[in-house]
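Shown next, in structure tokens, is the structure this report addresses.
Lettering of chains follows the sequences in order, A, B, ..., and the numbering in each one begins at 1. Model, not experiment: these values are computed from the prediction.
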Amino acid sequence: MKDWIIALLAGGVTGVLSAWGVGGGSLLILFMTGVQGMDQPLSQGINLLYFLPTSLTALVSHLKNRLIDIKLALCAVAAGAVTTALSSLLATGLDTQVVRKIFGAFVVIIGITELFRKCPETRRPDEGTQDTTRE
Amino acid sequence: MLSDKAKSALAGAAAGVVNGFFGAGGGMVLVPLLIGWVKMDQRKAFASSVFIILPLCAVSAAVYLLRTEFDFLRALPYLIGGLAGGFIGGRIFGKVPTKLLHRIFGILLIIGGVRAIAS
């Protein structure tokens with residue numbers, strides 16, 4: 001039960017971060033593998049799955065506000081669907097420890113860019129990835 | 001010179017590689033490319049990246065579910081928490097300074113990443 005509540009809270013906190021565009025997913029994976037001792041593919045699979053409903057709600061408001069460049073986005077989807085299928089096959093075929101180490105290197109790089117990135121003090125609600133319900 | 005469509009396709013391909021291999025981080029690759037290379041307006045880039053990443057996640061999630069021993073019971077609390085957090089985060093978006101958050105986030109990623117490499 002305690003584990004369940006911790007997992008719920010971890011999902012909640014990283015969910016809030018994701019909504020603010022602070023890449024909560026990679027942090028959630030680190031938590032699942034590093035703190036909870038879950039294996040890398042399960043953690044990655046959970047994160048992928050959890051992004052589906054979460055982003056769907058954001059997408060509805062973006063579509064309503066006509067914020068999506070559909071033509072260009074569809075080009076990206078077509079190419080990305082192929083590469084993501086191939087890289088998923090690769091990641092699930094490799095030794096999980098190897099994937100974990102490569103993932104570690106990836107997040108260290110992301111972490112360094114986050115430390116030095118320029119960002120505005122506060123963003124207006126109409127600028128971001130979520131809650132664009134008002135015009 | 002590449003057309004915008006070709007650039008967008010290449011940006012999507014790069015995001016796909018990251019998204020599938022790491023199960024995360026596709027947007028972190030995609031958004032800067034859409035803004036800096038495809039020259040998309042910042043708001044449109046954020047919104048379009050959600051539109052692009054969603055189907056990519058669906059494809060990757062299907063592969064992970066089919067090819068790994070997926071434990072739905074262990075996944076469930078994270079999924080419920082994430083959904084609630086995403087909803088709350090969306091409601092209070094813009095009311096919190098994100099600069100400090102990005103710095104803390106960066107430090108946590110570096111610590112967690114180094115531990116993962118050393119594991």
Side-chain angles (χ1 to χ4, degrees), chain A residues 4 7-8 11-12 15-16 19-20 22-23 25-26 29-30 34 41 44-51 53-55 58-59 62 67-69 72-73 75-77 79-81 83-85 87-88 91-92 100-101 103-104 106-108 110-111 114-115 119 121-125 128-131, chain B residues 4-5 8-9 11-13 15-17 19-25 28 43-44 46-48 50-52 54-57 59-61 63-64 67-68 70-71 75 77-79 81-86 88-90 93-94 97-99 101-103 105-106 108-110 112-113 115-117:
Chain A
W4 220 86
L8 198 70
V16 170
W20 294 344
V22 191
S26 43
I29 292 175
L30 284 177
Q44 296 190 180
I46 289 175
N47 188 53
L48 287 166
L49 210 59
Y50 125 115
F51 189 78
T54 310
S55 59
L59 194 58
H62 291 327
L67 274 173
I68 293 161
D69 193 324
L72 290 182
C75 296
V77 169
T83 57
T84 208
S87 63
S88 305
T92 51
R100 187 172 175 201
K101 285 178 197 295
F103 179 80
F106 172 70
V107 296
V108 167
I110 297 283
E114 285 291 326
L115 274 187
C119 48
E121 269 303 324
T122 38
R123 285 198 283 178
R124 292 193 308 273
T129 54
Q130 278 248 359
D131 199 10
Chain B
D4 281 351
K5 281 186 178 177
S8 184
V17 170
N19 185 73
F21 196 85
F22 298 121
M28 291 195 236
R43 283 180 70 194
K44 277 202 162 174
F46 270 109
S48 300
V50 178
F51 181 91
I52 295 162
L54 183 64
L56 302 193
C57 279
V59 171
S60 316
V63 174
Y64 276 78
R67 281 172 56 91
T68 61
F70 198 81
D71 187 345
Y78 292 101
L79 300 179
L83 207 58
I88 296 164
F93 183 72
T98 49
K99 190 178 178 181
L101 270 180
H102 278 283
R103 301 289 183 264
F105 174 64
L108 288 175
L109 284 187
I110 293 169
R115 283 190 56 197
I117 296 168

* If you count heavy-atom pairs under 4.5 Å between each of A/Ala91, A/Ala85, A/Ser87 and chain B, which one has the most? -> A/Ser87
* Asked: Once you round to the nearest 0.5 Å, how far does CD1 of B/Ile110 lie from CG of A/Leu115?
  -> 4.5 Å
* Structure fact -> The reported gap from CG in A/Asp69 to NZ in B/Lys44 (rounded to nearest 0.5 angstrom) is 5.0 Å
* **From B/Leu83 atom CG to A/Tyr50 atom OH, the distance as rounded to the nearest 0.5 Å** => 9.5 Å
* Structure fact -> For B/Leu109 and A/Ser26, the nearest pair of non-hydrogen atoms, with its separation, is CD2-OG, 3.8 Å
* Evaluate the side-chain contact (heavy atoms from CB on, under 4.5 Å) criterion for residues A/Ile46 and B/Asp71: first the C-alpha distance (whole Å), next the side-chain angles of each, then the deciding distance (0.1 Å), finally the verdict. => CA-CA 9 Å; A/Ile46 289 175; B/Asp71 187 345; over 6 Å; no
* Listed by chain and number, what are the side chain to side chain donor-acceptor pair (under 3.5 Å) partners of B/Ser48, not counting sequence neighbours? -> none
* Heavy-atom closest pair, residues A/Gly45 and B/Phe70 -> C-CE1, 3.7 Å
* Quick one: closest heavy-atom pair of B/Arg103 and A/Glu114, and the distance? => NH1-O, 3.1 Å
* Structure fact -> When rounded to the nearest 0.5 Å, the distance separating CZ of B/Phe21 from OG1 of A/Thr92 is 10.0 Å
* Structure fact -> So, the part of A/Leu49 with a heavy atom under 4.5 Å from chain B: the answer is both
* Select one option (side chain, backbone, both, neither) describing which atoms of B/Ala84 are under 4.5 Å from chain A's heavy atoms. => neither
* Heavy-atom pairs under 4.5 Å with chain B are the metric here; pick the option from A/Gly34, A/Gly15, A/Ala76, A/Pro41 that has the most. => A/Ala76
* Does any donor atom in the side chain of A/Thr84 or B/Ser60 lie under 3.5 Å from an acceptor atom in the other side chain? -> yes
* Structure fact -> Sorted by chain and number, sequence neighbours left out, side-chain contact (heavy atoms from CB on, under 4.5 Å) with B/Ala116 holds for A/Arg100
* Atom CG of B/Leu56 and atom OG1 of A/Thr83: how far apart are they, to the nearest 0.5 Å? -> 7.0 Å
* To do: Measure the spacing between OH of B/Tyr64 and CG of A/Asn47 and express it to the nearest 0.5 Å.
  => 10.0 Å
* Asked: Where does A/Ile68 contact chain B at under 4.5 Å (heavy atoms): side chain, backbone, both or neither?
  -> both
